[in-house]
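Down below is the structure, laid out as C-alpha cells.
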There are 2 protein chains.
Amino acid sequence: MTETLSPTTEQVDTREALLDAAESLFSELGIQASSLRAITQRAGANLAAVHYHFGSKEGLVRAVFSRRLKPLNEQRLRLLEACDLTADDAVEQVLNAFLSPLLRMSRETPEGVRDFARLMGRAYMEPSEEVREMLLEEIGEVVRRFTEALGRILSPLPGQELLWRLHFVAGAMGHTVACSHALEKHSHGLCQPSNPDEALRFMIPFLAAGLRAGTTP
Amino acid sequence: MTETLSPTTEQVDTREALLDAAESLFSELGIQASSLRAITQRAGANLAAVHYHFGSKEGLVRAVFSRRLKPLNEQRLRLLEACDLTADDAVEQVLNAFLSPLLRMSRETPEGVRDFARLMGRAYMEPSEEVREMLLEEIGEVVRRFTEALGRILSPLPGQELLWRLHFVAGAMGHTVACSHALEKHSHGLCQPSNPDEALRFMIPFLAAGLRAGTTP
DNA sequence: GTCTATATAGCGATAGAC
DNA sequence: GTCTATCGCTATATAGAC
C-alpha cells in the first residue's frame with residue numbers, strides 16, 4: 001500500500017539531493033554558471049532528473065529559493081509580532097527579527113543552509129530579471145510588514161527617507177551574507193562573519209544608528 | 001606620416017566601441033551572460049576583433065574596469081587629501097570623497113559611465129574569483145588610504161569594529177548603485193537613486209551615523 | 001522514475017585569406 | 001587590422017528504451 005500512497009525513499013532523496021546540489025553550486029558559482037550537468041553530477045543523479053522533477057532549470061531555481069524562504073519568512077514574521085514597538089530598543093528588536101533568521105541559518109543545520117544565505121545576498125543583484133521578480137514575489141509581504149513597523153517606530157521620518165534607509169539596510173545585510181568570505185580574508189581573521197552572533201552584534205548597532213539619524217533637511 | 005606614428009581613427013574607434021559595448025552589456029546582463037558575439041555586434045565590430053585587441057574575454061573585462069577605475073581612484077584620493085580630518089564633519093567629508101566620484105559619473109558623460117556604476121556595484125558580488133581579485137588589485141590602495149583616514153577620525157574605535165562598519169558602508173554603497181532601478185520602482189518614483197545628489201544627501205547622513213555609533217560592548 | 005542517446009543551439013578561440 | 005570559416009566544447013532540453 002505505502003508505495004502508492006507516498007513517494008518512495010528514492011524519489012524524495014533524488015529531489016532533495018538535486019535541491020541541495022543546486023543550492024551549493026548556485027552559491028559557489030552563481031546561478032547562470034551552474035550547469036545542470038554539474039548539479040546532477042554533484043547530486044549523484046541523472047541529467048534528465050532535473051527536467052522530470054522541476055520541468056526546467058528555472059523550475060529548479062524557483063524550488064531552491066522557495067524551499068528556504070517559506071520557513072524563513074514565517075520565522076521573521078513571528079519574531080516581528082513578538083517585538084515591543086514602544087520600547088527604547090524597538091529599532092534593534094525589529095532589525096534583529098529581520099536579520100537573525102537568515103544569519104542563524106548556518107547554525108541550525110550542519111551544511112546547505114549557509115550556502116543559501118550567501119545565495120540570497122547575491123540574488124538581489126542577479127542580472128536575471130526573472131530571478132529578481134520571483135524573489136520579490138516571495139518576500140514582498142515580509143518587506144511590507146517590516147517597512148510598516150519601522151515607519152511607525154521612526155515616525156515622523158518622511159516616507160522617502162525611510163525607503164532610502166531601508167535600501168541601505170538591505171544593502172549592508174546582503175553584502176554581509178554574500179561577501180562574508182571577503183571580510184574574513186581582508187581582516188586576516190579579525191572579523192568572523194560566519195559567526196552569526198558576531199555579525200549581528202556589529203550590524204544591528206550600526207544600522208540602528210543610521211535609521212535613527214536626524215531627518216535630512 | 002601620421003599613419004605610422006599614431007593609430008588610425010578606425011583602430012581607436014573599434015577598441016573604444018568594444019569597451020563601450022562590453023560595459024553596457026556587462027551592466028545589463030552580467031559579465032558571464034554577455035557573449036563576445038553580442039558585444040561585437042553592439043559595437044559594430046567583428047567577432048575576432050576582441051581577440052585582436054584584448055587577447056581574450058578576460059582581457060576585455062580587465063580593460064573595461066581599469067579604463068574607469070584609474071581616473072575614479074585618482075579623483076577619490078584627490079578629494080581625500082582635501083578633507084579636514086579634524087573638522088566636526090570629517091566623517092561626512094571622507095564619505096563624500098569616496099562616494100561622490102562614483103555616483104557622479106552619471107552626470108559627467110551622457111551615457112556609458114552610468115552603466116559602469118551599476119557594473120561596479122555588482123562586481124563585488126561576482127561569483128568569479130578572477131574578477132574579484134582583479135578588482136581588489138585595482139582598488140586596494142584606495143581602500144587602504146580611506147580605512148586609515150576613517151580609523152584616525154573614529155579613534156579609539158577598535159580595528160575589528162572599524163572593519164565591520166566599513167564592510168557595511170561598502171554594502172550600502174554597492175547595493176545603491178547596483179539596484180537603483182529596484183528602489184526607484186519599489187518607491188513608485190518617490191526615491192530617485194539615479195540622481196547622485198539625492199543619493200548622497202540620504203546616504204552620507206545614514207552611514208555617518210552608523211560609523212559614529214558608540215562602540216559595541 | 002531513471003536511464004542513454006541525441007537534437008539544437010550557443011560559446012570562446014583560432015587559422016589564414018585579404 | 002579586419003574578415004570568413006571553422007574547430008572543439010558546453011549548454012538546455014527532449015525522445016524513447018527500460
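We name chains A, B, ... by the order of the sequence lines, and we start the count at 1 in each one.
Salt-bridge check for A:E129 with A:R132: passed, with a basic side-chain N closer than 4.0 Å to an acidic carboxylate O.
Put simply, the side chain of B:M134 does not reach to within 4.5 Å of the side chain of B:E130, judged on heavy atoms. Using a 4.5 Å heavy-atom cutoff, the side chains of A:F146 and A:R76 are in contact.
Atom CG in A:L60 sits roughly 15 Å away from atom C1' in D:dA11 (whole-Å rounding). Between B:Q32 atom CD and C:dG12 atom P the separation is 10 Å, expressed in whole Å. Between the CD atom of B:Q41 and the C1' atom of C:dG12 there is a distance of 17 Å, rounded to whole Å.
Using a 4.0 Å cut-off, some side-chain N or O of A:H53 falls inside it from OP1 or OP2 of C:dT2. Phosphate proximity of C:dG12 to B:S56: absent, as no side-chain N or O sits under 4.0 Å from OP1 or OP2. Side-chain nitrogen and oxygen atoms of A:H51 include none within less than 4.0 Å of the OP1 or OP2 phosphate oxygen of D:dT14.
With C:dT2, D:dT2, C:dG12 as the choices, the nucleotide that has an atom nearest any side-chain atom of A:Y52 turns out to be C:dT2.
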Side-chain polar contacts of residues 29-40 of chain B - donor-acceptor pairs under 3.5 angstrom, sequence neighbours left out - could you list them?
| unit_1 | atom_1 | unit_2 | atom_2 | d |
| --- | --- | --- | --- | --- |
| B:S34 | OG | B:L25 | O | 3.2 |
| B:S34 | OG | B:G30 | O | 2.7 |
| B:S35 | OG | B:A38 | N | 3.1 |
| B:T40 | OG1 | B:L36 | O | 2.8 |
| B:T40 | OG1 | B:R37 | O | 3.1 |

Identify all pairs in which a protein N or O lies below 3.5 Å from an N or O of nucleotides 4-10 of chain C, and state each distance.
| unit_1 | atom_1 | unit_2 | atom_2 | d |
| --- | --- | --- | --- | --- |
| C:dT4 | OP2 | A:N46 | ND2 | 3.2 |

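Distance CG/B:L19 to CZ/B:F65: 12.0 Å, rounded to 0.5 Å.
Residue order along DNA chain D, read from the 5' end via each residue's closest nucleotide, puts B:G44 first among A:G55 and B:G44.
Heavy atoms of A:S34 sit under 4.0 angstrom from primed sugar atoms or phosphate atoms, though from no base atom.
The list of side chain to side chain donor-acceptor pair (under 3.5 Å) pairs with a residue in residues 160-181 of chain B, not counting sequence neighbours, reads A:E198-B:Q160, A:E198-B:W164, B:E161-B:R165, B:E161-B:T216.
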